[in-house]
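What follows is one structure encoded as structure tokens, with my remarks underneath.
Letters A, B, ... mirror the listed sequences (proteins, then strands); counts begin at 1. From a predicted model like this one, the values you see are computed outputs, not experimental measurements.
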Amino acid sequence: MSDRKYWLMKSEPDVYSLDDLRTDEGQTTYWEGVRNYQARNMMRDDMRVGDGVLYYHSNAKPPGVAGLAEIVREGYPDFTSWDPEHHYFDPKSSEESPRWFMVDLRFVEQFADLVSLSELKEEADLDGLGVIRKGNRLSVQPVSAEHYDHIVAMGRAKGPVVTGKD
DNA sequence: GCCAACGTTGGC
DNA sequence: GCCAACGTTGGC
């Protein structure tokens with residue numbers, strides 16, 4: 001059995017969408033700005049290179065899973081937290097004692113159309129999925145292999161996917 | 001734009 | 001350590 005793990009990570013497409021990730025240099029980005037301890041702990045302690053990521057668009061019309069990414073660098077200090085000029089500055093974080101951590105993501109695949117939140121809610125097989133539980137606002141969530149596979153199948157059923165370059 | 005659900009902060 | 005006040009998230 002593989003020890004590959006799976007995650008769902010939220011981003012507001014107005015801020016940074018899956019299209020942005022696909023068209024960025026190297027199709028890679030660092031996931032800065034997470035300021036929640038639970039989410040931080042998962043990025044710092046639990047994510048491994050190669051883990052699969054469902055790329056979720058929040059605050060979107062409609063919200064939903066736009067495609068896939070993968071972890072290409074494991075947890076390291078979020079340097080935007082100690083830059084006073086930066087939007088994500090936190091005076092309690094410093095280079096000597098970093099409070100916040102991030103990972104690097106690489107684009108993998110974009111669905112022909114996103115799998116909307118309402119579609120996720122309609123799937124009996126996805127019972128217990130974090131993002132469809134009321135009140136769950138965590139921007140980084142673990143996802144079971146079964147749920148991950150199921151959502152990937154839903155996405156691929158929408159038409160030809162756009163894949164990343166090697 | 002509203003507001004419910006959460007998380008964090010800080011006075012006591 | 002409690003908890004009220006406040007700030008944020010994110011669907012609708």
- Chi angles and distances behind the salt bridge (charged side-chain N to carboxylate O under 4.0 Å, His left out) call for A/R35, A/D78: CA-CA 10 Å; A/R35 297 292 178 265; A/D78 180 346; 2.9 Å; yes
- Message: Evaluate A/D104 against A/I71 for side chain to side chain contact (heavy atoms under 4.5 Å, CB included), listing each step before the verdict.
- Response: CA-CA 6 Å; A/D104 288 357; A/I71 305 298; over 6 Å; no
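Within 6.0 Å of the CZ atom in A/R106, the count of heavy atoms belonging to other residues, nucleotides or ligands does not exceed 12.
With rounding to whole Å, A/L8 atom CG is found 13 Å from C/dG10 atom C1'. In this structure, the CG atom of A/L120 is 13 Å from the C1' atom of C/dG11, given to the nearest Å. The separation between A/L138 atom CG and C/dT9 atom P is 12 Å, rounded to whole Å.
Using a 4.5 Å heavy-atom threshold, the side chains of A/V161 and A/R156 count as touching. Residues A/L120 and A/I151 are in side-chain contact: their nearest non-hydrogen atoms beyond the backbone lie under 4.5 Å apart.
For DNA chain B, none of the residues of residues 75-86 of chain A falls under the heavy-atom distance limit of 4.0 Å.
Contacts of A/K61 with the nucleic acid, taken as non-hydrogen atoms under 4.0 Å apart, are absent. A/Q38 comes within contact range of the sugar-phosphate backbone alone, with a heavy-atom separation under 4.0 Å but no base atom that close.
Residue A/K134 places no side-chain N or O under 4.0 Å from the OP1 or OP2 atom of C/dT9.
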Collect all protein-nucleotide pairs involving nucleotides 2-8 of chain C in which both atoms are nitrogen or oxygen and the distance is under 3.5 Å.
from  : atom 1 : to     : atom 2 : distance (Å)
C/dT8 : O2     : A/R137 : NH1    : 2.6

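In terms of position on DNA chain B, the residue among A/K92 and A/N59 whose nearest nucleotide sits closer to the 5' end is A/N59.
Aromatic ring centroids of A/W100 and A/Y37 lie under 6.0 Å apart.
Summarising the geometry, atom CD belonging to A/E123 is positioned 11.0 Å from atom CG belonging to A/L129; distances are rounded to the nearest 0.5 Å.
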Listed pairs under 3.5 Å, donor-acceptor, residues 55-63 of chain A side chains, sequence neighbours left out:
from  : atom 1 : to    : atom 2 : distance (Å)
A/Y55 : OH     : A/Y16 : O      : 2.9
A/H57 : NE2    : A/L18 : N      : 3.1
A/N59 : ND2    : A/E12 : OE2    : 3.4

